[in-house]
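Below is one structure, written out as structure tokens; comments come after it.
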Amino acid sequence: MGKYKNDATDLLKYVGGKENIKAVSHCVTRMRFVLIDDKKADVKKIESIPSAKGTFTQSGQFQVIIGNDVQAFYNDFIAVSGIEGVSKDSAKDAAKSNQTWLQRLIGNLGEIFAPLIPALICGGLILGFRNCIDSIYFFENGTKTLVDISQFWSGVDSFLWLIGEAVFHFLPVGIVWSITKKMGTTQILGIILGITLVSPQLLNAYSVASTAAADIPVWDFGFAQVQMIGYQAQVIPAMLAGFVLVYLEKFFRKISPEYISMIVVPFCSLVPAVLIAHTVVGPIGWAIGNFISEIVYSGLTSNFGWLFATFFGLLYAPLVITGLHHMTNAIDTQLVSSFGGTILWPMIALSNIAQGSAVLAMVVLQKKNDRAQQVSIPACISCYLGVTEPALFGVNLKYMFPFVCGMIGSACAATFSVANGVMATSIGVGGIPGILSIFPQYMLQFAIAMIIAIVISFTLTYIVGKQRLTDEDLYGENIEDIKDSELFISPLQGQIIPITEVQDQVFSTKMMGDGFAVDLTDGNVVAPFSGEIVMTFPTKHAYGIRNENGLEVLIHLGMDTVELNGEGFESYVEMGDKVKQGQSIAKVDIEFVKSKGKSMVSPVVFTSKHEVTLLENDIVKTKQKQIIEII
């Protein structure tokens, strides 16, 4: 047994005992439990365990934060509990039984698209770049694009389309392959089924809206005809087709004798799946798309267009997930023909901007997570250039709250846009460059709408992310390199003051150490990090705390408050107590102390001789992070 035997024994008891644990694993910093009944876990008692730094529930898993020594803790827990640990992926699978149907749906969607993210990011950047060189009329008095005036850039544009088409037009191939991979069936059959959805023999999905019904090619079987329509860039038909193939293969593999399964299973699975895809799944997908198109057209041309804009701005990003957003091209074309411009396209560009701004907030929040940055930065760029799939599938849907925050920002911006009659000349480049497709008289209003989309989406995502993201989300593989300053939270609330400006020379000359001070506006005092109370005063006005890494601070409440002999102060700890980060350690009656003529400027001094640089110069809140840099 290791040094965590006692803590592990307590944790086993407080999570409800061995009989309440369905599965247990660990990651870089946390113990991950799949509990039969989450209500049996006593959070308060768990968080009182010295090794436990906090708890939360996410994706059906009850997680206990241990820190960098989680491997040793996990080994002791397995030893004392007698439970056989499982892999993190197995724990995730077990956790699905604790999730709602919506959580499972979103989780499965994310797992299907996760292998496609690198291609989506690459394709998004390429299409965004192409939008800039072939759709923005910068030259010759705004009549020509870079492609129009340069043979070189025309060649680049044509060449890059080869890759962009492969990524997005043939997306169904990747989707069906990913489904078969996830479900454990034959992946090459999935690839072949995907190819049958985008075959050059079929009428391209983008051409269906502009092709007369009589001109659509068909397979003629004599007794029936099937339209030869492709499903380029379509998600729902591809997903449905993929699951049809998966369940057909599982069925025939179950009933076929092993010695003929190599012949029976592929043939009997693939042929019906292709037929169903083109006779059932495809038509259903198009019916859904047409239904949505009619709603959009009727809503935009009604007296309540601004209200419809709110819902369209809110729901456009979910449409992108399904692939049905491509049907808006036909609606845009009709609007241009009927009204000489389109109100719809500006809202689409604003949705791009809103989702991109949500990703930008994640970039800022996860600036220490190198792996997340590799996905988020290019996804943000492509989103701002009008291609949202990398942002949606690579970042926002993974965490969900950025996706919702982007939807809200999009809805607000779309409402403002339609209420002010913003119109685009035609379908053009999306994202931020979309302003170049707006009629000049509406450019100012569209610019304001862009600001609305950016500010609301970014701010909401940042605020929610501060509460929702874990250290593992924020730091990724760099979590072991977290500095003390990144683990430090403000123990006080009020106006932050450089230590050199404190009136008491003992503090201002840094005789006791570097630090900062806070002119209190709230009386609650919390532990800035987890550790041990190494010093208290009988007068309850000063506290020393030291963590396992040797970081030590002195929190001195007010100036000359020792003279009050404890009046106006309430202490919750004693010397030798173990405290957790954010735990209340004292309370000050600010009004009483001030009535006695004492200042509430309270120094926080690093007696461990660490140097401190202020990152904030305004009001700080209790438990606020990143207010200082500790060296």
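If you're wondering where the values come from, they're calculated on a predicted model, not measured in any experiment.
- Among all heavy-atom pairs drawn from A241 and L197, the shortest one is CB-CD1, 4.3 Å.
- Residues A273 and L248 approach most closely at N-CD1, 3.8 Å, considering heavy atoms.
- Counting heavy atoms from C-beta outward, K250 and M183 have side chains that approach closer than 4.5 Å.
- Here the side chain of D157 pairs no donor or acceptor atom with the backbone of W153 at under 3.5 angstrom.
- A donor-acceptor pair is defined here as one N or O able to donate and one able to accept, closer than 3.5 Å; such a pair exists between the side chain of T180 and the backbone of V176.
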Decide side chain to side chain contact (heavy atoms under 4.5 Å, CB included) for M239 and I179; before the verdict, give the C-alpha distance in whole Å, the side-chain angles of both, and the deciding distance to 0.1 Å.
-> CA-CA 7 Å; M239 291 183 67; I179 290 173; 4.1 Å; yes
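- Counting only heavy atoms from C-beta outward, the side chains of L189 and L245 approach each other to under 4.5 Å.
- Taking the six-membered ring where tryptophan is involved, the planes of F458 and Y462 are essentially parallel, since the angle between them stays under 30° and well short of 60°.
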Could you go through the side chain to side chain contact (heavy atoms under 4.5 Å, CB included) check for V422 and I343 one step at a time?
-> CA-CA 6 Å; V422 175; I343 302 174; over 6 Å; no
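- For S178 (side chain) and G174 (main-chain N/O), no donor-acceptor pair under 3.5 Å exists by modelled atom type.
- Side-chain atoms of E165 never come within 3.5 Å of backbone atoms of L160 as a donor-acceptor pair (strictly under, hydrogens ignored).
- Here the straight-line distance linking atom CD1 of I353 with atom OG1 of T388 works out to 12.0 Å at 0.5 Å rounding.
- The nearest pair of heavy atoms linking I456 to G409 is CG2-CA, 3.7 Å.
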Between F138 and L146, does a side chain to side chain contact (heavy atoms under 4.5 Å, CB included) hold up when you go through it step by step?
-> CA-CA 7 Å; F138 269 136; L146 183 59; over 6 Å; no
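- When the shell of 6.0 Å around CH2 of W161 is examined, it contains more than 12 heavy atoms from other residues, nucleotides or ligands.
- Within 6.0 Å of CZ on F170 lie more than 12 heavy atoms contributed by other residues, nucleotides or ligands.
- In this structure, M362 and T461 have side chains that are in contact, with non-hydrogen atoms separated by less than 4.5 Å.
- Side-chain contact between V173 and I191 is present, with heavy atoms from C-beta onward closer than 4.5 Å.
- Applying the 6.0 Å contact sphere to OH of Y137 captures no more than 12 heavy atoms from other residues, nucleotides or ligands.
- Not one N or O on the side chain of S410 forms a donor-acceptor pair closer than 3.5 Å with the backbone of G406.
- The environment of N617 atom CG is sparse: at most 12 non-hydrogen atoms of other residues, nucleotides or ligands sit within 6.0 angstrom.
- Shown here for A317 and S351, the closest heavy-atom pair between the two residues is N-OG, 4.0 Å.
- For the pair M423/I438, no side-chain contact is recorded, criterion being any heavy-atom separation below 4.5 Å from C-beta on.
- A donor-acceptor pair is defined here as one N or O able to donate and one able to accept, closer than 3.5 Å; such a pair exists between the side chain of T279 and the backbone of L275.
- Residues Y442 and F446 place their aromatic rings such that the two centres sit no closer than 6.0 Å.
- The backbone N or O of A411 lies less than 3.5 Å from a partner atom in the side chain of T415, making a donor-acceptor pair.
- No donor-acceptor pair under 3.5 Å is formed between the side chain of Q445 and the backbone N or O of S417.
- Considering CD1 of I149 and OG of S154, their distance stands at 11.5 Å, rounded to 0.5 Å.
- The CD1 atom of I619 lies 8.0 Å from the CD atom of Q493; values are rounded to the nearest 0.5 Å.
- Taking OH of Y384 as the start and CD1 of I432 as the end, the distance is 5.5 Å to the nearest 0.5 Å.
- Using a 4.5 Å heavy-atom cutoff, the side chains of T310 and L314 are not in contact.
- Judged purely by distance below 3.5 Å, without hydrogens or angles, the side chains of Y399 and Q366 pair a donor atom with an acceptor atom.
- A donor-acceptor contact closer than 3.5 angstrom links the side chains of D148 and T145.
- Counting only heavy atoms from C-beta outward, the side chains of V359 and C383 never approach each other to under 4.5 Å.
- Nearest heavy-atom pair across S490 and I627 is CB-CD1, 3.6 Å.
- Of the possible polar contacts, none joining the Q227 side chain to the V218 backbone as a donor-acceptor pair under 3.5 Å is found.
- How far NZ of K621 is from OG1 of T521: 10.0 Å, rounded to the nearest 0.5 Å.
- Within a 6.0 Å sphere centred on CD of Q441, other residues, nucleotides and ligands contribute more than 12 heavy atoms.
- Note on ring orientation: taking the six-membered ring where Trp is involved, the planes of Y231 and H278 are tilted (angle from 30° to 60°).
- Here the CG-OG distance, from D134 to S158, works out to 10.5 Å after rounding to the nearest 0.5 Å.
- Side-chain contact check for K182 versus W177: every heavy-atom pair is 4.5 Å or farther apart.
- Around the NZ atom of K367, the shell of radius 6.0 Å holds no more than 12 heavy atoms that belong to other residues, nucleotides or ligands.
- Looking at T185 and Y247, their side chains never bring a donor and an acceptor atom within 3.5 Å of each other.
- Looking at every heavy atom in both residues, Q232 comes nearest to L203 through OE1-O, 4.4 Å.
- No side-chain donor-acceptor contact under 3.5 Å links S199 to the backbone of L202.
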Step by step, work out the side chain to side chain contact (heavy atoms under 4.5 Å, CB included) result for M228 and W219.
-> CA-CA 7 Å; M228 300 171 62; W219 288 292; 3.5 Å; yes
